[in-house]
There are 2 protein chains.
Amino acid sequence: MELDQLDRDIIRALVEDARATYAEIGHRVGLSASAVKRRVDRLRETGAITGFTARVEPAALGWTTEAYVELFCAGKTSPSEIGVAVSRLPEVVSACTITGEADALLHIRATDVRHVEKVIERIAAEPFVVRTKSSIVLSRLIETPLVTSRDEPFIGPHNESAFII
Amino acid sequence: MELDQLDRDIIRALVEDARATYAEIGHRVGLSASAVKRRVDRLRETGAITGFTARVEPAALGWTTEAYVELFCAGKTSPSEIGVAVSRLPEVVSACTITGEADALLHIRATDVRHVEKVIERIAAEPFVVRTKSSIVLSRLIETPLVTSRDEPFIGPHNESAFII
DNA sequence: CCTGAAATTCTCTTCAC
DNA sequence: GTGAAGAGAATTTCAGG
């Protein structure tokens with residue numbers, strides 16, 4: 001499906017504040033409230049917008065430690081096998097299969113380093129896991145769910161910024 | 001600050017649907033709308049809830065490729081130096097310093113593999129970057145911003161689930 | 001700390017154009 | 001796409017538990 005600049009502007013407004021009113025968004029992007037609503041409804045139907053969520057400070061809920069864990073798996077392990085296994089661990093907030101030496105990369109959130117260790121133990125206990133390699137996060141520098149245009153981004157001559165919302 | 005189970009339930013409701021009405025949330029958690037509003041206001045003031053955002057399908061905006069890039073930096077590179085540099089690249093959606101061999105781990109979103117390559121080139125051009133090691137994401141298995149209780153999570157005897165919202 | 005209600009204001013939603 | 005109008009929700013305030 002095709003998104004025009006107005007759709008992108010509306011998405012950007014909703015990413016910044018999902019509780020903004022249609023009138024507020026309309027004022028910002030140059031449309032009437034009803035036109036904004038119609039576009040938002042369409043963006044949700046087509047799946048461009050999948051929902052609205054609260055941004056929560058993990059530390060406020062006790063999740064003060066994060067780590068990345070590389071998984072090295074047995075020869076014929078399928079992505080879905082890994083997916084099923086890591087889905088059982090709520091501490092795994094992100095997981096994907098990747099190119100390179102490791103087969104998968106997990107992002108885990110935990111209450112402390114001891115908790116990280118226990119989660120890694122459980123992952124390592126999966127029969128298809130040959131070994132793991134972990135990195136504890138020292139300091140978070142950037143955390144955005146999406147690509148957004150920040151102040152004066154350096155975009156080169158081949159303007160990839162075409163897609164930046 | 002202290003969060004009780006009602007606060008966690010409200011946060012969970014808002015994470016699932018940030019546009020739910022106070023009455024809806026109240027019905028779900030067993031409070032009146034005005035009590036919910038009072039608590040949500042407090043959760044925002046104390047910083048537990050930092051805002052409300054739209055969940056967007058990156059592919060709908062053209063971001064179909066993602067990669068993780070490990071950064072190996074010169075001896076005395078500070079985290080903020082890395083932060084400033086990667087903040088200039090809108091494609092970097094997440095960045096942190098980590099323990100282990102690499103100094104930092106970046107998560108980048110791009111339109112295609114060629115675009116990934118260009119972003120890595122720009123990162124590698126930073127004077128403090130000694131070398132990089134990249135992994136392209138093959139398939140995403142899990143993507144949640146936060147730790148949430150999923151169906152029947154296996155939680156061991158030392159119940160870390162105390163903090164799961 | 002909660003409820004429930006009333007009054008005001010604002011927002012959503014629909015519809016004609 | 002706009003604008004208007006009725007339905008519905010948010011907000012604020014209050015008395016009372």
Side-chain angles (χ1 to χ4, degrees), chain A residues 1-63 145-146 148-149 162-165, chain B residues 1-57 60-62 145-146 148-149 161-165:
Chain A
M1 123 154 214
E2 191 81 4
L3 298 187
D4 64 14
Q5 192 53 48
L6 281 168
D7 291 321
R8 293 171 189 284
D9 291 344
I10 290 169
I11 288 172
R12 188 197 297 226
L14 284 171
V15 166
E16 285 174 23
D17 180 10
R19 296 195 74 134
T21 66
Y22 294 126
E24 281 164 2
I25 299 167
H27 182 256
R28 178 167 161 179
V29 307
L31 283 181
S32 66
S34 48
V36 172
K37 182 192 186 306
R38 203 176 309 134
R39 279 174 181 259
V40 172
D41 288 345
R42 190 172 49 88
L43 289 168
R44 298 195 63 172
E45 276 165 22
T46 59
I49 293 175
T50 60
F52 301 100
T53 186
R55 233 182 280 125
V56 173
E57 177 58 44
L61 284 152
W63 306 99
L146 209 76
T148 53
S149 62
F163 285 107
I164 293 172
I165 66 166
Chain B
M1 124 154 213
E2 192 80 3
L3 299 187
D4 65 14
Q5 192 52 49
L6 281 168
D7 290 321
R8 292 172 189 283
D9 291 345
I10 290 169
I11 289 172
R12 187 197 298 229
L14 284 171
V15 166
E16 284 174 23
D17 180 10
R19 297 194 72 130
T21 66
Y22 294 124
E24 281 164 2
I25 299 167
H27 182 255
R28 177 167 160 180
V29 306
L31 283 181
S32 66
S34 50
V36 172
K37 183 189 186 311
R38 206 176 309 137
R39 280 173 181 259
V40 171
D41 288 344
R42 190 171 49 89
L43 289 168
R44 299 195 64 173
E45 275 165 22
T46 59
I49 294 175
T50 60
F52 301 100
T53 186
R55 232 183 282 126
V56 173
E57 178 58 46
L61 285 152
L146 208 76
T148 53
S149 63
S161 70
F163 285 107
I164 294 173
I165 63 167

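Sequence lines set the chain letters: A, B, ... in the order given, protein chains first and strands last, and positions in each chain run from 1. Note: hydrogens, waters and symmetry copies are ignored here, and every other heavy atom, side chains too, is used.
No side-chain heavy atom of A:Asp9 sits less than 4.5 Å from a side-chain heavy atom of A:Leu31. Annotation: side chain of A:Phe52 is not in contact with side chain of A:Arg19 (no heavy-atom distance under 4.5 Å).
Looking at every heavy atom in both residues, A:Val56 comes nearest to B:Thr50 through N-OG1, 4.2 Å. Scanning both residues, A:Met1 and A:Arg42, for their nearest heavy atoms gives CE-NH1, 2.9 Å. Of all heavy-atom pairs spanning B:Ala54 and A:Ala18, the tightest one is N-CB, 3.8 Å. Residues B:Leu61 and A:Phe163 come closest through the heavy atom pair O-CD2, 2.9 Å. Nearest heavy atom pair, residue B:Ile164 against residue B:Thr148, reads CG2-C, 3.6 Å.
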Walk me through it: do B:Leu43 and B:Leu3 pass the test side-chain contact (heavy atoms from CB on, under 4.5 Å)? CA-CA 9 Å; B:Leu43 289 168; B:Leu3 299 187; 3.5 Å; yes
Please report the C-alpha distance between A:Thr53 and B:Leu146 in whole Å, then the side-chain angles of each, then the deciding distance to 0.1 Å, and finally whether the side-chain contact (heavy atoms from CB on, under 4.5 Å) criterion is met. CA-CA 11 Å; A:Thr53 186; B:Leu146 208 76; over 6 Å; no
Test side-chain contact (heavy atoms from CB on, under 4.5 Å) applied to B:Arg28 and B:Arg12, step by step: CA-CA 11 Å; B:Arg28 177 167 160 180; B:Arg12 187 197 298 229; 3.6 Å; yes
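We find that A:Arg39 and A:Asp4 are joined by a salt bridge, their nearest charged nitrogen and carboxylate oxygen being less than 4.0 Å apart.
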Identify the pairs formed between an N or O of the protein and an N or O of nucleotides 2-6 of chain D at a distance under 3.5 Å, and give each distance.
| residue | atom | partner | partner atom | Å |
| --- | --- | --- | --- | --- |
| D:dT2 | OP2 | A:Ser32 | N | 3.0 |
| D:dT2 | OP2 | A:Ser32 | OG | 2.5 |
| D:dT2 | O4 | A:Arg38 | NH2 | 3.2 |
| D:dG3 | O6 | A:Ser34 | OG | 3.0 |

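Rounded to 10°, the angle separating the first-five-pair axis and the last-five-pair axis of the helix from C:dC1-D:dG17 to C:dC17-D:dG1 equals 20°.
Residue A:Lys37 contributes atom NZ, which lies 14 Å from atom P of D:dA9 at whole-angstrom precision. One interatomic measurement links the two molecules: CG of B:Asp41 to P of D:dT13, which rounds to 12 Å at whole-angstrom precision. Rounded to a whole Å, the CD1 atom of A:Ile25 is 14 Å from the P atom of D:dG1.
Of the residues in residues 16-23 of chain A, those placing a heavy atom less than 4.0 Å from an atom of DNA chain C are A:Thr21, A:Tyr22, in numerical order.
A:Glu57 pairs by the salt bridge (Lys or Arg N to Asp or Glu O under 4.0 Å) definition with nothing, not counting sequence neighbours. Take B:Asp41 and apply the salt bridge (Lys or Arg N to Asp or Glu O under 4.0 Å) test, not counting sequence neighbours, and it matches B:Lys37.
Running 5' to 3' along DNA chain C, contacts with non-hydrogen atoms of chain B at under 4.0 Å begin and end at C:dC1 to C:dC12.
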